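Since the structure comes first, as structure tokens, the remarks are kept for the end.
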Amino acid sequence: MNMKQKIVLRVQMNCEKCRIKTLRVVSDADGVSSVGFEGENKQNVVVIGDVDAAGLASRLRKKVGHTDIISVAPVKDK
């Protein structure tokens, strides 16, 4: 059973190159429907899709930098 969820991650991004790298890593993950930035200084990455939050955070830590999982919540279909 696939269940879409909204994952909010705080990623330490110090430059535009880091933002591009973050987008590339997240969008390459299987099951991602949409990606966006929000919050102060656009430090929070919002991912919607059927994705493993811990695996995604681990991948971002390796490729970009310090990453925290802020929240994981189910997305209700309309």
Side-chain angles (χ1 to χ4, degrees):
M1 180 173 113
N2 292 343
M3 189 165 122
K4 277 191 174 183
Q5 51 189 0
K6 178 181 177 182
I7 304 166
V8 181
L9 304 161
R10 180 176 296 129
V11 183
Q12 184 176 346
M13 297 176 282
N14 300 323
C15 60
E16 192 60 33
K17 194 173 183 181
C18 296
R19 290 185 201 289
I20 293 168
K21 193 180 233 183
T22 299
L23 278 176
R24 190 170 296 133
V25 169
V26 173
S27 63
D28 284 348
D30 289 336
V32 173
S33 299
S34 68
V35 182
F37 293 111
E38 72 177 19
E40 186 179 333
N41 297 326
K42 304 289 186 196
Q43 292 289 311
N44 294 345
V45 181
V46 180
V47 181
I48 296 177
D50 183 28
V51 186
D52 174 32
L56 188 59
S58 175
R59 207 169 309 133
L60 282 167
R61 282 186 194 107
K62 287 178 186 172
K63 305 258 181 181
V64 181
H66 186 78
T67 304
D68 294 320
I69 298 174
I70 304 299
S71 69
V72 178
V75 173
K76 295 189 170 79
D77 289 332
K78 294 179 183 176

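All values reported here derive from a predicted model rather than from experimental measurement.
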Atom pair [atom1]/[atom2] of [X] and [Y] - distance to nearest 0.5 Å:
{"X": "I70", "Y": "I7", "atom1": "CD1", "atom2": "CD1", "value": "12.5 Å"}
{"X": "D28", "Y": "L56", "atom1": "CG", "atom2": "CG", "value": "10.5 Å"}
{"X": "S33", "Y": "K6", "atom1": "OG", "atom2": "NZ", "value": "13.5 Å"}

Test side chain to side chain contact (heavy atoms under 4.5 Å, CB included) applied to V35 - qualifying residues, sequence neighbours left out
L23, V26, V32, V45

Cluster link V46 to I69, ILVMFWY, side chain under 4.5 Å
no

Could you see if V51 belongs to whatever hydrophobic cluster contains V72? Use Ile, Leu, Val, Met, Phe, Trp, Tyr and a side-chain cutoff under 4.5 Å.
yes

Would the number of heavy atoms belonging to other residues, nucleotides or ligands and lying under 6.0 Å from CZ of R24 be above 12?
no

Over 12 non-hydrogen atoms of neighbours within 6.0 angstrom of CG in D30
no

Donor-acceptor contacts, no H, no angles, side chain residues 8-22, under 3.5 Å, sequence neighbours left out:
residue	atom	partner	partner atom	Å
R19	NH1	K42	O	2.9
R19	NH2	N41	O	3.1
K21	NZ	K63	O	3.3
T22	OG1	C18	O	2.8

